[in-house]
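Comments concern the structure below.
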Amino acid sequence: MSADRETNHDMATHRDIALLLAEAADEVEIGIAPYQAVVRGGRRRKARRWAVAAAAALVIAGSTGTLALAGVSGGDGKQVAPAATRPPTAEQRHVYAPQRTTLASARENGKDWSVTLDVWGAPKNEAEAERQHAAMGEYRVHPVGVTKAKDLIGIDRYFVHLIVGDVETTAVMEGQFDRSDSNPGEYLVSGAMPLHTGKQGTAGSRNRLVIGDVSPTTRQVTCTWNDGSTTIVPTAPKGAGFSWDFKPMIRQAKGSPTNWFVCLAPAGKVFKSVAALG
């Protein structure tokens, strides 16, 4: 596995990305890694500063278009907070079941393949963390560095899966989002891995698939292959769907503060580098 590992040390404490080796990888190229099975992804930041503003959308039923925020009395005479002001439940925060987004899908050599992103909301306390830990086990994901359930508290996590045919791999990438970082700057984090849709072990299967995330301001990503050719990845137009005729695009993902892209090298070519244009 290869990874874009340019790291901005000023931002290193804000977000930690871990790239896990794909199970089917052969002749995987690995950079300097803290231990055998994990490569820490880097990031490139400070090209420009940006800020993410979270906006709450309220859907209001009624003819007046207004929303009453005053408390409402329950049957026992006690004040009951209106639904709009109640904190979201763990289920609404996707603590026990992730939000899943398909980032890419295609058909090659008679096999369907796809890349999916699962985003898990942060548990607020140890009870929520215990339930999330059990739920993650059912999804066959085990966050790197988590030795006990309470390690999950306060952290939004993601897992990227590769599905070829009917076989879903364990997570090929994982990491966490730091939503307290409201001004993180532009960045690019990516990993390259094999995609086996034909004969196993062929040169064309090695590090053909590139998956990464970029800041919301990124307009274009360029993947460069070992022969110098490139694949340009534009921002997905509004309403863009998927087809089995693979078209790489930068896409938004449910629950993710960053946008995501997937590149695929033509048969016989492998990953060399990736760059983003803000």
Side-chain angles (χ1 to χ4, degrees), residues 3-4 14-20 22 41 43-45 50-57 88 91-106 113-122 132 135-136 139-141 143 155-163 168-182 184-193 195 209-221 223 231 233-243 246-264 274 276-278:
D4 179 353
H14 293 305
R15 193 155 168 264
D16 185 21
I17 306 295
L19 275 76
L20 305 183
R43 71 205 64 189
R44 176 168 41 197
R45 297 189 175 195
W50 60 277
V52 176
E91 287 78 9
Q92 291 170 329
R93 290 184 281 113
H94 302 279
V95 173
Y96 308 135
Q99 298 182 80
R100 170 163 286 198
T101 300
T102 298
L103 302 177
S105 59
W113 65 267
S114 60
V115 175
T116 62
L117 172 72
D118 286 352
V119 178
W120 295 74
Q132 184 179 82
M136 284 182 169
Y139 277 80
R140 297 188 301 119
V141 293
I155 299 174
D156 296 281
R157 298 179 184 273
Y158 70 79
F159 299 87
V160 178
H161 294 271
L162 171 62
I163 305 169
E168 179 173 333
T169 67
T170 54
V172 294
M173 294 177 66
E174 72 160 276
Q176 54 188 252
F177 298 122
D178 182 359
R179 298 183 190 276
S180 66
D181 185 5
S182 62
E186 288 192 356
Y187 64 93
L188 164 65
V189 178
S190 68
M193 61 203 68
L195 173 63
L209 187 66
V210 181
I211 305 169
D213 67 322
V214 292
S215 71
T217 58
T218 299
R219 295 181 287 109
Q220 178 179 292
V221 169
C223 293
T231 296
V233 186
T235 300
K238 186 175 181 180
F242 293 92
S243 69
F246 175 63
K247 295 179 181 179
M249 295 181 184
I250 302 171
R251 297 179 181 272
Q252 295 179 338
K254 289 178 288 188
S256 173
T258 60
N259 292 344
W260 291 78
F261 68 92
V262 176
C263 277
L264 180 66
V274 63
L277 176 65

Give the C-alpha distance, both sets of side-chain angles, the deciding distance and a yes or no for side chain to side chain contact (heavy atoms under 4.5 Å, CB included) between L277 and V221. CA-CA 6 Å; L277 176 65; V221 169; over 6 Å; no
Taking the six-membered ring for Trp, are W120 and Y139 closer than 6.0 Å centroid to centroid? yes
Closest approach of [X] and [Y], non-hydrogen atoms and distance?
X: D156; Y: G121; value: OD1-CA, 3.4 Å
X: P143; Y: R157; value: CB-NH1, 3.9 Å
X: P98; Y: D118; value: CB-CB, 3.8 Å
X: V233; Y: C263; value: CG2-SG, 3.2 Å
X: L188; Y: A276; value: CD2-N, 4.0 Å
X: R140; Y: E168; value: NH2-O, 3.4 Å

Quick check against the 3.5 Å criterion: does [X] have a side-chain atom that pairs as donor or acceptor with the backbone of [Y]?
X: H161; Y: T169; answer: yes
X: N259; Y: I250; answer: no
X: T116; Y: T102; answer: no
X: K254; Y: R100; answer: yes

Should the pair Y158 and W260 be assigned to parallel (<30°), tilted (30 to 60°) or perpendicular (>60°) ring geometry? perpendicular
For side chain to side chain contact (heavy atoms under 4.5 Å, CB included), just list the numbers for F177 and I155, CA-CA rounded to whole Å, side-chain angles, deciding distance to a tenth of an Å, and then say yes or no. CA-CA 7 Å; F177 298 122; I155 299 174; over 6 Å; no
May I ask you to test the [X]-[Y] pair for a side-chain heavy-atom distance under 4.5 Å?
X: F261; Y: V210; result: yes
X: W113; Y: L195; result: yes
X: Q220; Y: P234; result: no
X: V115; Y: L209; result: yes
X: P248; Y: L264; result: no
X: V160; Y: E174; result: no
X: V262; Y: F246; result: yes

Residues in side chain to side chain contact (heavy atoms under 4.5 Å, CB included) contact with A236, at least two apart in sequence or another chain: A240, M249, R251
If you round to the nearest 0.5 Å, how far is OG of S190 from CG of D213? 9.0 Å
